[in-house]
Structure formats: structure tokens, C-alpha cells
Amino acid sequence: MSTDHHIALLGLGTIGLSMLALHLRRRDTKVTVYDPRPDYEKQLRSMLPGFLDAGFVSPTAEQPIPKTEIVDHLLKNNRLFLASSIAEAVQHATIIQEQSPEVTASKQAVWQEVTKTAAPTAHLWSSSSGVGASTQAAGNNTDTSVAARLLVAHPFNPPHLMPIIELVPGEQTDPDRVDFAREYFCAVPGPTLPASTAAGVAAVASASAAQASSEPQASLYYRPITLQREIPGFVGNRLAFALLREACYLVNEGVVSARDLDAIVTASIGPRWAVSGVFESYHAGGGAGGINAFLQKLAPTIDETWRGLGQLEMSKPGDPTEPLQRPWRNTVVRQTEEAYGPYTAQTKQKKDEMLRTTIEMQTKCWGELES
Ligand SMILES: NC(=O)c1ccc[n+]([C@@H]2O[C@H](COP(=O)([O-])OP(=O)(O)OC[C@H]3O[C@@H](n4cnc5c(N)ncnc54)[C@H](O)[C@@H]3O)[C@@H](O)[C@H]2O)c1
Ligand SMILES: O=C(O)[C@@H](O)[C@@H](O)[C@H](O)[C@@H](O)CO
């Protein structure tokens with residue numbers, strides 16, 4: 001079996017493990033993984049099977065593989081390799097993706113190390129939540145082509161389930177590298193959908209294939225979206241963190257408890273945003289006049305609300321040690337811990353199942369809406 005893509009995955013934590021499951025769903029990939037943690041193989045063996053679908057069938061197997069045998073099957077069939085250094089991980093890679101800690105200096109050091117031994121043609125992707133490619137490439141004195149090859153492919157946790165990937169090119173990123181990344185993720189199959197929603201997926205595939213038959217076969221599960229310019233936090237996180245700041249403000253002011261605030265979000269704007277986004281929701285809310293009417297009708301309330309939004313700060317500029325003393329933070333942490341206790345593997349599994357059902361509903365309904 002030929003594999004067109006040899007991916008080096010650097011960092012096998014929360015995102016790296018889920019990203020590994022994403023890549024393994026393509027039939028034309030093999031993946032070499034690396035993490036400096038001495039126990040990363042043990043973590044991989046215990047976690048990866050849970051991220052792969054029950055029906056995961058490697059191209060070299062006729063039947064679904066028992067979850068307990070998946071990792072050994074992948075290793076034996078040269079679809080998965082374990083490296084003990086960055087140099088070893090990247091030596092044959094055509095795509096190098098880092099999921100190391102969200103620390104600028106650490107990411108810059110990773111790319112410095114990568115470019116010592118990686119192929120000068122390799123695509124360079126970062127899973128960063130907010131450190132732009134231009135910043136990560138800065139100061140790389142090993143290979144000046146890094147800035148042209150590096151881009152952020154920001155996933156949402158967990159990437160093996162969440163369909164959106166924010167592609168954020170740096171100021172010097174070659175547009176062809178962005179096109180490659182977009183086509184790559186578009187062709188990654190989604191998790192195995194129950195038969196009940198396969199019809200939805202097929203409908204989306206036929207509608208979109210008719211529109212873009214010249215494009216490579218897309219699975220239509222993953223939807224990479226390219227941002228037009230770098231901005232700290234990109235888009236998803238900026239929106240989420242704006243909401244987080246106001247949520248912390250309302251809890252700290254005693255307006256609502258953390259648990260009740262979560263209930264309001266998950267049973268009102270949350271489901272609505274799973275069906276229609278911010279603008280489409282207000283377009284619908286404006287009646288016949290659409291969003292224009294909505295903004296006109298609600299202008300006084302929106303204006304007053306905007307003027308009164310909480311202005312919390314995580315820390316003073318240049319003083320990263322300061323956040324620990326923020327009183328609002330202690331209130332939010334205490335109420336969240338009282339509400340939910342430790343976040344267990346069982347809770348995560350239940351929430352992943354709920355997330356998957358929501359996304360399957362979207363996939364099915366996109367098909368019905370598209371046709
Ligand atoms: N957790 C999320 O919700 C989420 C979502 C999207 C993006 N991200 C981004 O993904 C990246 C990783 O986040 P995470 O939550 O998986 O963190 P994590 O702490 O779970 O995992 C980071 C891993 O990187 C390893 N590591 C440390 N130094 C390394 C190096 N030099 N080379 C390779 N690996 C190294 C660590 O051993 C660890 O296993 C961050 O940039 C983060 O912003 C996280
Ligand atoms: O919401 C997500 O999954 C991610 O965007 C965030 O979880 C974010 O990337 C965090 O890593 C914050 O850094």
C-alpha cells in the first residue's frame with residue numbers, strides 16, 4: 001500500500017493524540033510520532049484506540065481491528081512509527097505538525113530543531129491556539145524557507161471529532177502551502193457515521209462534488225477555513241475568550257453561578273449556534289427585515305450592553321506571574337470545581353459522544369439543506 005503522506009507529529013498530548021487519530025483515518029498516510037515524555041508510548045497505547053472509530057479498518061486489514069490490537073497492527077503495517085528524537089521523527093516526513101506547549105520560545109526551538117534535518121520541501125504546520133506562524137518562524141537561522149512553508153492549522157479540541165480547522169498563514173507563507181493544507185484536511189474522512197446519517201453525508205458529497213468536481217475527492221466532514229490575516233487567538237478563540245471574559249465577570253459580580261451560566265449557554269445560544277451561526281441567528285431574529293432590522297430594533301440594548309461588558313484582565317502586561325493573584329479567578333475556579341469536580345475520563349467519553357451526535361446531526365441536516 002503506497003502512502004502519499006508521511007507525517008511527523010511532534011507533541012503527543014491532548015491535541016497530538018487526537019490529531020494522530022485524524023491523520024490515521026486517511027488511507028494514504030503514515031505517521032511518525034515524538035514526545036519528550038518517556039511514557040508517551042504507554043499513553044498512546046491507552047488513549048489512541050478510544051479516539052479511533054469502532055469500525056476503524058486499516059487499509060491492510062479486511063475486518064475492523066479489535067481496539068486492543070490497533071496500535072500493534074499500525075506498527076506492524078508501517079502506518080505508525082515511534083521516534084525518540086525530533087531528528088528521527090522528521091527525517092522522512094513530507095508534513096511536520098507540532099503540538100508542543102503553547103510557549104512561543106518552545107515552538108521556535110522546535111522549528112529550529114526540525115529544520116536541521118527535515119526535507120527542505122516538507123510542509124510545516126503548527127496546532128497553536130494563538131501563536132502565529134510569522135512569530136514561530138521568526139529568528140530561524142537554520143533555514144530561511146521556513147516562513148514560506150509554515151502555517152498554523154488550529155484545531156478545536158478534540159480534532160478527531162471537530163470539523164473546523166482554522167488555517168492561518170503567516171505573512172510570508174506560500175499560498176500553495178495553504179492550498180495543500182486545505183485539500184489535505186478536506187480529504188480526511190470523518191468518524192464512522194451510523195447508517196442513519198450516512199444519507200446526509202452522501203447528499204452533501206453529491207451537492208458539493210457537483211460544484212467543485214475539479215477538486216480532489218473531499219470527504220466533506222472536515223471544513224478548513226483560511227483566515228485572511230494573522231491575529232492573536234485567530235477567530236474561534238477570540239470569540240470563545242470574549243465570552244469567557246464576560247462569563248467570568250458575571251460570576252465574579254455575583255449575577256449568576258458558574259453552573260447556572262453554563263446551563264444558560266448550553267440550553268440557549270449553544271444549541272442555536274450549533275444550528276445557525278452568530279450572523280445567521282440574528283438574521284433569522286430580525287424577521288422579514290433580517291439582520292438589518294434586528295440591529296436597528298435592538299440597537300439601544302446592544303449599545304448599553306456593550307458599554308457595560310466586564311473588563312477583566314488575566315495579568316498586567318509583562319507580568320505573567322501576576323494572574324495567580326486575581327480574585328475573580330479564584331471565584332471562577334472555586335465555583336467550577338464545586339459544580340463539576342475532577343474532569344474524569346468517563347465524563348470526557350460521555351461529552352465526546354454528545355459532541356459527536358451534535359456534529360452528526362449537522363452533517364445529516366447539511367445534506368438535507370444542500371439537496
Ligand atoms: N488543548 C486544547 O484544547 C487545544 C486546542 C487547540 C489547540 N491547542 C494547542 O495545541 C498545542 C498543544 O496543546 P495540548 O493541549 O495538546 O498540550 P499538552 O500539554 O496536552 O501536550 C503538549 C505535549 O507536548 C510535549 N512537548 C513538550 N515539549 C516538546 C517538544 N519540544 N517537542 C515535542 N513535544 C513537546 C509534552 O510532553 C506534551 O505531551 C498548544 O499549542 C495548544 O495551544 C490546544
Ligand atoms: O476550543 C478549542 O478547542 C481550542 O480552540 C481551545 O482549546 C484553545 O485552542 C486552547 O488551547 C486555548 O489555548
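When a ligand or atom number is given, it counts from 1 through the structure's own listing order. Heavy-atom basis, side chains included; hydrogens, waters and symmetry copies ignored.
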Note to self: What I want to know is whether Arg37 and ligand 1 share at least one N or O pair that is separated by under 3.5 angstrom.
What the structure shows: yes
Next item on the list: Using a 4.0 Å heavy-atom cut-off, say whether Glu113 meets ligand 1 through its side chain, its backbone, both or neither.
Entry: neither
Notebook entry, point to check: Mind checking whether Tyr184 and Asp4 have side chains closer than 4.5 Å, heavy atoms only?
Noted result: no
Next item on the list: Assess Ser106 for proximity to ligand 1: is some non-hydrogen atom of it under 4.0 Å away?
Entry: no
Next item on the list: Test Ile15 against every option in Ser127, Ser128, Ser129, Pro158 by the side-chain contact (heavy atoms from CB on, under 4.5 Å) rule and name the one that passes.
Entry: Ser127
Next item on the list: Go through the steps to decide whether Val33 and Leu82 satisfy the test side-chain contact (heavy atoms from CB on, under 4.5 Å), and finish with yes or no.
Entry: CA-CA 5 Å; Val33 296; Leu82 308 180; 3.6 Å; yes
Note to self: Among Ser127, Ser128, Ser100, which one puts a heavy atom closest to atom 40 (C) of ligand 1?
What the structure shows: Ser100
Check: Do Met314 and Trp328 have side-chain heavy atoms sitting under 4.5 Å apart?
Finding: yes
Note to self: Could you tell me, atom by atom, which parts of ligand 1 come under 4.0 Å of a heavy atom of His154?
What the structure shows: 6 (C), 7 (C)
Margin query: Quick check: do Thr29 and Ile95 have side-chain heavy atoms less than 4.5 Å from each other?
Written below: no
Note to self: At under 4.0 Å between heavy atoms, is it the side chain or the backbone of Lys107 that contacts ligand 1, or both, or neither?
What the structure shows: side chain
Margin query: I need the atoms of ligand 1 closer than 4.0 Å to a non-hydrogen atom of Pro101, numbered in the order shown.
Written below: 24 (O), 26 (N), 27 (C), 28 (N)
Notebook entry, point to check: Is Arg26 close enough and on-axis enough to Phe185, meaning under 6.0 Å and within 45°, for cation-pi?
Noted result: no
Next item on the list: Decide whether an N or O pair under 3.5 Å exists between Ser129 and ligand 1.
Entry: yes
Next item on the list: Might you work through the side-chain contact (heavy atoms from CB on, under 4.5 Å) test for Leu355 and Met162, ending with a clear yes or no?
Entry: CA-CA 8 Å; Leu355 192 62; Met162 296 290 258; 3.7 Å; yes
Note to self: Counting only heavy atoms closer than 4.0 Å, does ligand 1 sit against the backbone of Pro36, its side chain, both, or neither?
What the structure shows: side chain
Next item on the list: Under 4.0 Å, heavy atoms only, figure out whether ligand 1 is touched by the backbone of Val131, its side chain, both or neither.
Entry: neither
Note to self: For Glu230 and Glu171: C-alpha separation, side-chain torsions, deciding distance, then whether side-chain contact (heavy atoms from CB on, under 4.5 Å) applies.
What the structure shows: CA-CA 8 Å; Glu230 293 178 301; Glu171 289 153 10; 4.0 Å; yes
Next item on the list: Nearest heavy atom to atom 16 (O) of ligand 1 wins, so pick from Ile15, Leu10, Asp35.
Entry: Ile15
